[in-house]
Amino acid sequence: MIYVHVPFCKSFCRYCDFYSEICPGKGPEEFDEYIDELCAEARLRRGEIINTLGVKTLYIGGGTPSVMPLRFFFDLMKALPEGPYEEFTVEVNPDDIVGRGMGFIRNLREVGVNRVSMGVQSLDDGMLRWMGRRHDSAAAIEAFHMLREGGIENISLDIIFGINGLTDEMLSATLDGIIAIGPEHISAYQLSIEEGSLLAKDIENGKYEELPDEQCAAQYQLICDRLREAGYRHYEISNWARAGREAVHNSAYWTRRPYVGLGPGAHSLTIDRGTEIRSWNSEALSGWTPSHEVLTPEEIREERIMLGLRTAKGVPIETLHRADGTFAPGVFFSEDYPLEHRPEGLDVIDDHVRIAEDHWFVADSIISELI
């Protein structure tokens, strides 16, 4: 299970705080140092990568991987062990797909890409301009059809809700357009204010005011209802899929499977004889260096609860046990304890605890009662 971070974008979106650098005007040779260092890291960590291939997936994210020269994809595949991959996902921008054409899509297929995640975000052109996206709604639809024509049979589209100025009518129109073209997977994320983003500066300068929680919740419910009606399964708080098209790679994160992150800013999780180690690369275009921490039993427990309760399956009841065998104060689920308190929205089904979909919008507050 491998994640590769591409730290380049042609422009910054208003809401984004992922590590990236602007790359307008870069020729293919200007990416050489990054590509060489990335491939060297892949070869150096070969043994570590092989140990994570119980989940045989590769995910290239960013940043914007679709700005990279073809050499990047071909050299990376030579440096990585044990291909091809069960699920090989690349994040793309619609503008790059349209601009680079069918030849680029064919090259992605040639290196083994079998899933594409495309950041549509909205099908309202005014909203896209406000976000700072490079594409318009027509380009998003055109890019989707090009990917289909190019043989990509598993496509995920991202949208954003909870924006001040995004009306229910605008959101509904976006859902209409996306459902009509029929992607296998849809991710919907609430706009968040990330420190260091352009949006955070807008708030600081009084140029933007966050949408009230109750309106964000109403938009989330609209998405849930519309996608359910369209036949999508809501399998994780922010993710919906056609049957059998759930994201293999991301699902493994939520069950805390080991993974290797390559490139600047990438994170990894290693499990060695019961010891769990989180590591991460520094954010730098070259010479990125790793740091790490050993997770305590309580940190592992809390991660299992926080990640597992984001999913429709939830977590086994025993996951809620603390090291001393008790639950959080006043929270009891098994027949061995009287049921004194159960946070509203929490279900117990077949020895699993899960949060009901109609309470997923407030999942963080429920989870806080359990850890």
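Residues L222 and L171 come closest through the heavy atom pair CD2-CD2, 3.8 Å. The two atoms that bring R301 and E298 nearest to each other are NH1-OE2, 2.8 Å, heavy atoms only. A266 and H5 get closest at one heavy-atom pair: CB-CB, 4.4 Å. Nearest heavy-atom pair across I105 and G150 is CG2-CA, 3.8 Å. In terms of heavy atoms, S117 sits closest to D158 at OG-OD1, 4.0 Å. The two atoms that bring S268 and G261 nearest to each other are OG-N, 2.8 Å, heavy atoms only.
By the 4.5 Å heavy-atom criterion applied to side chains, L346 and E369 are not counted as neighbours. Within the 4.5 Å cutoff, the side chain of R310 has heavy atoms near those of the S238 side chain. In this structure the side chain of I163 reaches within 4.5 angstrom of the side chain of Y208, judged on heavy atoms. Contact of the H292 side chain with the P290 side chain is not registered, since no non-hydrogen atoms from C-beta on lie closer than 4.5 Å. Using a 4.5 Å cut-off on side-chain heavy atoms (C-beta onward), I223 and I186 make no contact. With contacts defined as side-chain heavy-atom distances shorter than 4.5 Å, the pair Y85/M77 qualifies. In this structure, the side chains of P258 and M1 stay at 4.5 Å or more apart for every pair of heavy atoms.
For the pair H135 (side chain) and S137 (backbone), a donor-acceptor distance under 3.5 Å is absent. Here the side chain of S368 pairs a donor or acceptor atom with the backbone of S365 at under 3.5 angstrom. At least one donor-acceptor pair closer than 3.5 Å links the side chain of Q219 to the backbone N or O of L166. Checked by atom type and distance alone, the side chain of Y232 never pairs as donor or acceptor with a backbone atom of I179 at under 3.5 Å. Between the side chain of D136 and the backbone N or O of A139, at least one donor-acceptor pair lies under 3.5 Å. Between the side chain of R133 and the backbone N or O of G119 there is at least one donor-acceptor pair closer than 3.5 Å.
Taking OG1 of T270 as the reference point, atom CD of E48 lies at 4.5 Å (rounded to 0.5 Å). Atom CD1 of I35 is separated from atom CG of D75 by 6.5 Å, given to the nearest 0.5 angstrom. Taken from CH2 in W360 to OG1 in T311, the straight-line distance is 7.0 Å, to the nearest 0.5 Å. Note that the CG atom of L370 and the CG atom of L320 stand 5.5 Å from one another [nearest 0.5 Å]. To the nearest 0.5 Å, atom CD of residue Q121 and atom CD1 of residue I160 are 4.0 Å apart. Taking CG of L175 as the start and CD of E229 as the end, the distance is 10.5 Å to the nearest 0.5 Å.
Salt bridge present: R71 and D36 bring a charged side-chain N and a carboxylate O closer than 4.0 Å. With salt bridges taken as basic N to acidic carboxylate O contacts below 4.0 Å, none links E204 and K201.
The number of heavy atoms from other shown groups lying within 6.0 Å of CG (N205) is above 12. Within 6.0 Å of the CG atom in D350, the count of heavy atoms belonging to other residues, nucleotides or ligands does not exceed 12.
With sequence neighbours left out, E276 forms a side chain to side chain donor-acceptor pair (under 3.5 Å) with R256. Taking S122 as the reference, nothing meets the side chain to side chain donor-acceptor pair (under 3.5 Å) condition, with sequence neighbours excluded. With sequence neighbours excluded, no residue forms a salt bridge (charged side-chain N to carboxylate O under 4.0 Å, His left out) with E153. By the salt bridge (charged side-chain N to carboxylate O under 4.0 Å, His left out) test, D176 is found to be paired with R226, residues two or more places apart in sequence or in another chain being considered. The side chain to side chain donor-acceptor pair (under 3.5 Å) search around R100 returns none, not counting sequence neighbours. Remark: P316 pairs with E318, T319, H352 by the side chain to side chain contact (heavy atoms under 4.5 Å, CB included) rule, at least two apart or across chains. Residues satisfying the salt bridge (charged side-chain N to carboxylate O under 4.0 Å, His left out) criterion with E184, sequence neighbours excluded, are R148. F161 is linked by a ring-ring contact (aromatic ring centres under 6.0 Å, His included) to Y220, counting only residues two or more places apart in sequence or in another chain. In this structure, F104 has no ring-ring contact (aromatic ring centres under 6.0 Å, His included) partners at least two apart in sequence or on a different chain.
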>> As a quick check of understanding, evaluate side-chain contact (heavy atoms from CB on, under 4.5 Å) for E303 and L295, giving each step before the final call.
In response: CA-CA 10 Å; E303 278 197 10; L295 300 178; 4.2 Å; yes
> What's the verdict on side-chain contact (heavy atoms from CB on, under 4.5 Å) for E357 and R228, showing C-alpha distance, side-chain angles and the deciding distance?
Replying inline: CA-CA 11 Å; E357 184 191 46; R228 184 188 314 109; 2.7 Å; yes
>> side-chain contact (heavy atoms from CB on, under 4.5 Å) for N239 and Y189? Distances and angles first, verdict last.
In response: CA-CA 9 Å; N239 291 277; Y189 301 106; 4.1 Å; yes
>> Pair V6, L38 - check side-chain contact (heavy atoms from CB on, under 4.5 Å), show working.
In response: CA-CA 10 Å; V6 173; L38 182 71; over 6 Å; no
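Checked against the 6.0 Å centroid threshold, Y259 and Y3 do not count as a close aromatic pair.
Hydrophobic clustering, with ILVMFWY side chains joined whenever heavy atoms are under 4.5 angstrom apart, keeps W254 apart from M306. I271 and V260 are assigned to two separate hydrophobic clusters, defined by single-linkage of ILVMFWY side chains at heavy-atom distances under 4.5 Å. Hydrophobic cluster membership is shared by I366 and I317, with clusters built from Ile, Leu, Val, Met, Phe, Trp and Tyr side chains linked at under 4.5 angstrom. Hydrophobic clustering (side-chain heavy atoms under 4.5 Å, transitive across Ile, Leu, Val, Met, Phe, Trp, Tyr) keeps V4 apart from V55. No path of Ile, Leu, Val, Met, Phe, Trp and Tyr side chains, each step under 4.5 Å between heavy atoms, connects I2 with Y253, placing them in separate hydrophobic clusters.
In this structure, W280 stands alone, with no Ile, Leu, Val, Met, Phe, Trp or Tyr side-chain heavy atom under 4.5 Å from its own, directly or through other members.
Residue pairs that meet the salt bridge (charged side-chain N to carboxylate O under 4.0 Å, His left out) test with at least one member in residues 104-126, sequence neighbours left out, do not exist here.
Inspection of the H185 and S156 side chains reveals an N or O donor paired with an N or O acceptor under 3.5 Å. A side-chain donor from one of N281 and E41 sits under 3.5 Å from a side-chain acceptor of the other.
Between F8 and F31, the angle of the ring planes goes over 60°, which puts this pair in the perpendicular group of the 30/60° scheme.
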Please tabulate, for side-chain N and O atoms in residues 56-70, each donor-acceptor pair with protein atoms closer than 3.5 Å (sequence neighbours left out).
unit_1, atom_1, unit_2, atom_2, d
K56, NZ, E82, O, 2.9
T57, OG1, H249, ND1, 2.7
Y59, OH, E91, OE2, 2.8
S66, OG, N93, N, 3.1
S66, OG, D96, OD2, 2.6

